[in-house]
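What follows is a set of notes on a single structure, which appears directly below.
Keep in mind the model is a prediction, meaning the values are calculated, not measured. Note that ligands are numbered from 1 as they come in the structure, with each ligand's atoms numbered from 1 the same way. As a basis for the values below, the full set of heavy atoms in this structure was taken, side chains included, without hydrogen atoms, waters or symmetry mates.
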Amino acid sequence: MGSERSEIRTLQGVGASAGIAIGRVRITDRRRVNVTEYELSPEEIPAEVSRFAKAVERAKAELSFLRDQLMTTRGPEHLCVIDAHLMLLDDTMLIGETAESIRSLGINAEGALKRTLEKIKTFFDGIEDEYLRERAGDVETVVERVLRNMVGEKQESLAQIEGKVIVVAHELSPADILQIDKSKVIGFITDLGGKTSHSAILARALEVPAVVGMERVTREVANGDMVIIDGASGVVIVNPGPEEFRDYLQRKQRFEYLERELFKLRDLPAETPDGHRILLKGNAEFLEEIDSIRRHGGDGIGLYRTEMLFFNRTVLPDEEEQFRLYAAAVRAMSPQPVTIRTLDVGGDKFLPDLDLDDEMNPALGMRAIRLSLRHPEAFKAQLRAILRASALGKVRVFFPMVSGVAEVRAAKALLEEAKLELGGKHPFDENLEVGIMIEIPSAVVIADLLAAEVDFFSVGTNDLIQYSLAIDRTNEHLVSLYEPLHPAVLRSLKMVVNAAHAAGIQACICGEMAGEPMYLPILLGLGFDELSMNAISIPRVKKILRRCTKAEATQVAAKALTFATAAEVESYLKSEISARFSESFD
Ligand code: PEP
Ligand code: MG
């Protein structure tokens, strides 16, 4: 029973997890619970508060049950999302304030909970960073679970779905995604969500093709409709004709063939034909991404972002909580190394404890290492946690947004204090390597001075391009001006590598540029020792690396540096790559 409108329709959403799926729609009811607010008489209030508390307890029990189930079916790596949701059920802002509103406003629990949610959402809406803004989605998911418990609605679990289907839902929670059996649910499409929502991250980690942020797809398709989804481009084709079928079947086969071929590279070294070895690592911010880095043959984690522990909360995570997370990451990646970046947040985002003012220009504001140096006690707690994790495997630490030598010295002094504070109580790696991110133009210019202070550099090209070209990396109107191959960027990269090598330290890149296979000959030719990227790019970059000699790459890099515009560099690179490696990047 497909939809009555059987014409071919092409819809556009956000590609959340690459891969093509072709199948029939299965709509699963994930609509939000409808809530009406009403007033209570004073004598009804205590019972209402306890009804709310019971719903919270039931939600906790459900999540704990799910956690135990997942522990046996999927193992420990994917549990941190459920843990984050369990933590929210103890959150004073979410739970405490709601109970308080029931009492002070004399309204029903559903109404009070919705009000708290709206308040939290307004708070998140003001956040510039897309990733952090989307954390509001986690709060909504938890609120839905409590609401359903209050109105007594049960939801079908995705684990119960039969047949081979593409699930279409208003939204799917991370818990939903974790229950997906890939032999039955071959892909999913949702109205809500963005690229960095938890569900999208999990879909990528589990490699289920997914398109999110479709806005109204639940109203545009019907159960049984045939659909094609392309999780890379975000295209969804409803009721495809024979031509679309053929086309996407071919693309699907090509994608799967490429994945299989790339998979074969997994255990081969990241080495050029003339024997030059570099390290290809993965970037991670969730424990569940580590498995994917392993599967894609990464040499470790080159950038472990620590921000996610700090969002969604009113009290900063203490040393113990941070240690548990870093320890889990180190164990999951062991024996390969994990490079942990200290907190890289900005402005007034979500650290109420630190009581920051609004800023006119947060990108140039109180963020990253500046913020850490301003709050030495919180910074040292993070450093102690990282130091303790260094006793469990190979760990390196590095500082974000460094603009000069004084900051590095101050950060290193605090690291020494942190070591003393551990005072023999906890073991740590005495020789823990310390690095900095190079992402501010001043750091490029004084790279030689900075190199004397640290053990490695890691270039954050995302920010370095932004600050060098004065292009806001999140401004959709400036996308065409955000040019990784701009001669200023290439010259900066060259200066950084040269300064690092002159001082005998390692030069790495952990910005998005590192994961673009087309740039590999330049980055290799410039002399970078390590590239860290999203997991799925590792074999793609390795494939080019294993075909490109260091000598060839050196020539390509030298030539690339002679052009005057990014467009010229790009057209040179494209022709060079297709000529040398029979690979096309159009
Ligand atoms: C970068 O700036 O390139 C980087 C890796 O850091 P982030 O994207 O987290 O700012
Ligand atoms: Mg950065």
Side-chain angles (χ1 to χ4, degrees), residues 127-135 194-196 201 279-286 289 293 298 300-311 329 338-347 349-350 361-372 382 396-403 407 411 435-444 447 450 456-475 479 482-486 488-490 492-493 496-497 506-516 519 523 528 530-535 537-538 541:
I127 294 175
E128 275 200 23
D129 186 290
E130 183 205 350
Y131 169 77
L132 295 170
R133 210 171 41 237
E134 289 196 0
R135 302 282 65 80
K195 234 189 173 58
T196 49
I201 291 167
L279 296 169
L280 299 185
K281 296 185 179 172
N283 293 349
E285 49 198 324
F286 293 100
E289 288 170 306
I293 294 174
I301 300 177
L303 165 60
Y304 190 75
R305 293 182 165 102
T306 57
E307 288 77 68
M308 80 286 183
L309 241 195
F310 290 76
F311 61 68
V338 179
T339 308
I340 304 177
R341 179 172 77 184
T342 60
L343 189 61
D344 186 9
V345 295
K349 284 180 187 165
F350 48 84
N361 207 336
L364 305 179
M366 180 50 68
R367 50 174 301 194
I369 192 67
R370 300 167 189 174
L371 185 67
S372 294
Q382 177 167 44
R396 308 194 296 179
V397 64
F398 67 145
F399 309 124
M401 302 285 303
V402 164
S403 65
E407 281 163 341
I436 52 170
M437 290 201 70
I438 303 282
E439 45 189 352
I440 298 184
S442 64
V444 174
L450 290 166
F456 66 96
F457 284 162
S458 192
V459 187
T461 49
N462 308 343
D463 276 317
L464 183 60
I465 297 167
Q466 149 163 289
Y467 293 122
S468 298
L469 307 181
I471 300 292
D472 177 352
R473 69 194 243 198
T474 62
N475 185 330
V479 171
Y482 186 89
E483 295 176 319
L485 297 177
H486 191 293
V489 176
L490 297 185
S492 299
L493 293 176
V496 173
V497 185
Q506 251 197 355
C508 319
I509 299 187
C510 63
E512 291 299 310
M513 226 180 142
E516 171 52 63
Y519 302 157
L523 305 182
F528 281 96
E530 171 183 312
L531 305 175
S532 190
M533 61 201 77
N534 63 69
S537 296
I538 296 172
V541 170

min-distance N/O/S atom, E439 vs the Mg ion (ligand 2), resolves to OE1
Looking at D463, the N/O/S atom that lies nearest to the Mg ion (ligand 2) is called OD2
Going by the atom numbers of ligand 1, which of them fall below 4.0 Å from some non-hydrogen atom of [X]?
{"X": "L303", "result": "5 (C)"}
{"X": "G511", "result": "3 (O), 5 (C)"}
{"X": "G460", "result": "1 (C), 2 (O), 3 (O)"}
{"X": "R341", "result": "4 (C), 6 (O), 7 (P), 9 (O)"}

Give the residue and atom name of whichever protein heavy atom lies nearest to atom 8 (O) of ligand 1, and the separation in Å to one decimal. R473 NH2, 2.7 Å
What's the shortest distance from atom 5 (C) of ligand 1 to any protein heavy atom, and which residue and atom give it? C510 O, 3.4 Å
For R367, is at least one N or O under 3.5 Å away from an N or O on ligand 1? no
Would you say T461 and ligand 1 have an N/O pair spaced under 3.5 Å apart? yes
Side chains of V459 and M437 in contact at under 4.5 Å (non-hydrogen atoms): no
List the atom of V338, the atom of A329, and the distance in Å for their closest heavy-atom pair. CG2-O, 4.0 Å
By the definition salt bridge (charged side-chain N to carboxylate O under 4.0 Å, His left out), identify the one residue from R305, R367, R370 that meets it with D344. R367
Given that the side chain starts at C-beta and the backbone is N, CA, C, O, which of these parts of L464 lies under 4.0 Å from ligand 1, counting heavy atoms, or is it both or neither? neither
What part of E512, side chain from CB on, backbone N/CA/C/O, both or neither, has a heavy atom under 4.0 Å from ligand 1? neither
How far apart are the C-alpha atoms of I471 and I465, what are their side-chain angles, what is the distance that settles it, and do they pass the side-chain contact (heavy atoms from CB on, under 4.5 Å) test? CA-CA 7 Å; I471 300 292; I465 297 167; 5.8 Å; no
Between Q382 and T306, does any side-chain donor sit less than 3.5 Å from a side-chain acceptor? yes
dist C508:SG -> R396:CZ (nearest 0.5 Å) comes out at 5.0 Å
Quick check for you: to the nearest 0.5 Å, what is the distance between L523 atom CG and L531 atom CG? 5.5 Å
Side chain Y467, main chain A363, donor-acceptor under 3.5 Å: yes
